[in-house]
Amino acid sequence: MSAGVKVLPLGGLGEIGKNMTVVEHDGRIVVVDVGLRFPTPEMVGIDLVLPDFSYLRERARDIEAIVITHGHEDHIGALPWVIRELAEQHEPPPVYGGPLTVAMAESKLDEHRLKNVELIELDPGEAVDLGPFQMEMVHMTHSIPDSCAVALGTELGTVLLTGDYKFDQTPVDGSPADVSRLAELGREGVLLLCGDSTNVDRGGFSSSESQVGRHLQETFSRCEGRIVVTSFASNIHRVQQVVDAAEALDRKVVLVGRSMRKNVSIGRRLGHIDIPEGMLVGPRELTDFPDDRMVIISTGSQGEPLSALRRMAYRDHPQVQLKDGDTVVFSATPVPGNERAVNETIDRLYHIGCDVITARDAPVHASGHGHAEEVKLMLNLVKPRYVMPVHGDFKRLRLHAELAESVGVDPDAIFQADNGLPLLIDERGARLGQRERSGMIFVDGVEIGDVADVALRDRRMLSADGIFVVVVTIAEQDGSSVADPEVIFRGVPFLDQAGELVEEIRRAARETLERAAAEEGIREIDLLQQMLHDDLAKLVYDRLRRRPMVLPVIIEI
Ligand SMILES: [Zn+2]
Ligand SMILES: [Zn+2]
């Protein structure tokens, strides 16, 4: 009897974001996608949310490869953290993806100073052996170039993970999804289909990305002042269409926001985006041109707290001061969970006197995810033996299951799983297995980004949770604590057992200093400060479940 196949989702099911799936066969593992999620407004002080990938930590030696379907944060964002952890156990696995995906992975790993990771560009249709798997990527259309489905061939049949997709018949780059390869895989035998559920609740077909361009141009033509367009920085074809519309109306283009500049530069290098000579001007040259000659392309379509548009809306952007007569076009819709932040941003823009146009006012956005009919088309093309809907909240996973049933998939062959709940398939059939560890890992602390980002983050923390200042006095000779640490706090909410906690902080500070001096011989003030901060912030979080700023001050005598 041949070995079975285990498919374990570690993220992306029953939630929006942090997509990650482990496919296991014959003791070997291929990880498809390593995404992250952005925190909800309640997670104050948290910058990112990663899937709990403890399962992989224990199996680091068995991982053949990480395959990334496309360069969106909910599929690639956790890569640096996953690689760093795996590298502690074993040589990190190679990372496969399309050219743009690999370029984005490289830039992320560089930002985290992670070297010696093998990044492999794989063209769609080219197959590689990854241990017991035959892996192949299938070209798909989505809201970022080089999006692929991942086919993992095993002796039981192919496990096909669609990644995010739509069937766009007229994509901006002229290259529709490889429908014939999907059909061929179906004929050869697809064992399991793990399909995108994002838009299963929308009927019919999604509209084509190339439709957006002419609506943008129409919208622009009615604007008399400056135009600000915000979209996902990774939606390179959208940026291209904004550039085209601007060119048609003889407007120059300014790129604002770090990720926008970065992605456009990668996109230009790889030939996905074409900006005519002389059309791009720097943010500092904004005032050199009349208002009706400018289009500003900006990050911040999701109302992200540190994004360029949000800062413009709060009159806090160093280069762009918005004013009466400017028009802001949201060429994106809010990802579920971001509605409030987007609405706040929009209202601020009205307050300044800007006009705001969203996808509700004009068709200036097209989703990158296929609607119900496209999901059915996928099912009919690949004719899977088993179906496991992924990439969606529980409601959408259920609707996806219903769609599968409606095209004739046996209800017993459809599995509504959950993060941590594996599907086991062997020659006898398929069933859900024992729950594995899964969940969320919080990342606190902006490791990358500029100083302005950090300043803003500090201000956010202070306003929400207050501050603890811990003053310690140490001896110059040996770093030992020579006076009782002093603890001062301001603006910390719900602090009824203040006395107790202050005493605990004092004790913890002394312990940290002792540990630093005795065990590790650490004398450098910066390092001591870092250690104190980490230990005390953890203690405060454990006690209060909030994250006030913790500021250690060290006096040497
Ligand atoms: Zn996604
Ligand atoms: Zn995506």
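Numbering of ligands and ligand atoms starts at 1, following listing order.
Inspection of the Asp173 and Ser175 side chains reveals no N or O donor paired with an N or O acceptor under 3.5 Å.
Between the OG atom of Ser143 and the CG atom of Asn235 there is a distance of 5.0 Å, given to the nearest 0.5 Å.
For the Zn ion (ligand 1), the set of nearby N, O or S atoms under 2.8 Å includes one belonging to His75. One of the N, O or S atoms belonging to Asp164 lies under 2.8 Å away from the Zn ion (ligand 1). The Zn ion (ligand 1) lies at 2.8 Å or more from every N, O or S atom belonging to His72.
Atom CZ of Arg437 is surrounded by 12 or fewer heavy atoms from other residues, nucleotides or ligands within 6.0 Å.
Between the Zn ion (ligand 2) and the N, O or S atoms of His142, the shortest distance is to NE2. The atom of Asp74 nearest to the Zn ion (ligand 1) is OD2, with the search restricted to N, O or S atoms.
Taking the six-membered ring where the residue is Trp, the centroids of His75 and His142 are separated by 6.0 Å or more. Ring centroids of Phe53 and Tyr55 are separated by 6.0 Å or more, keeping the two rings apart.
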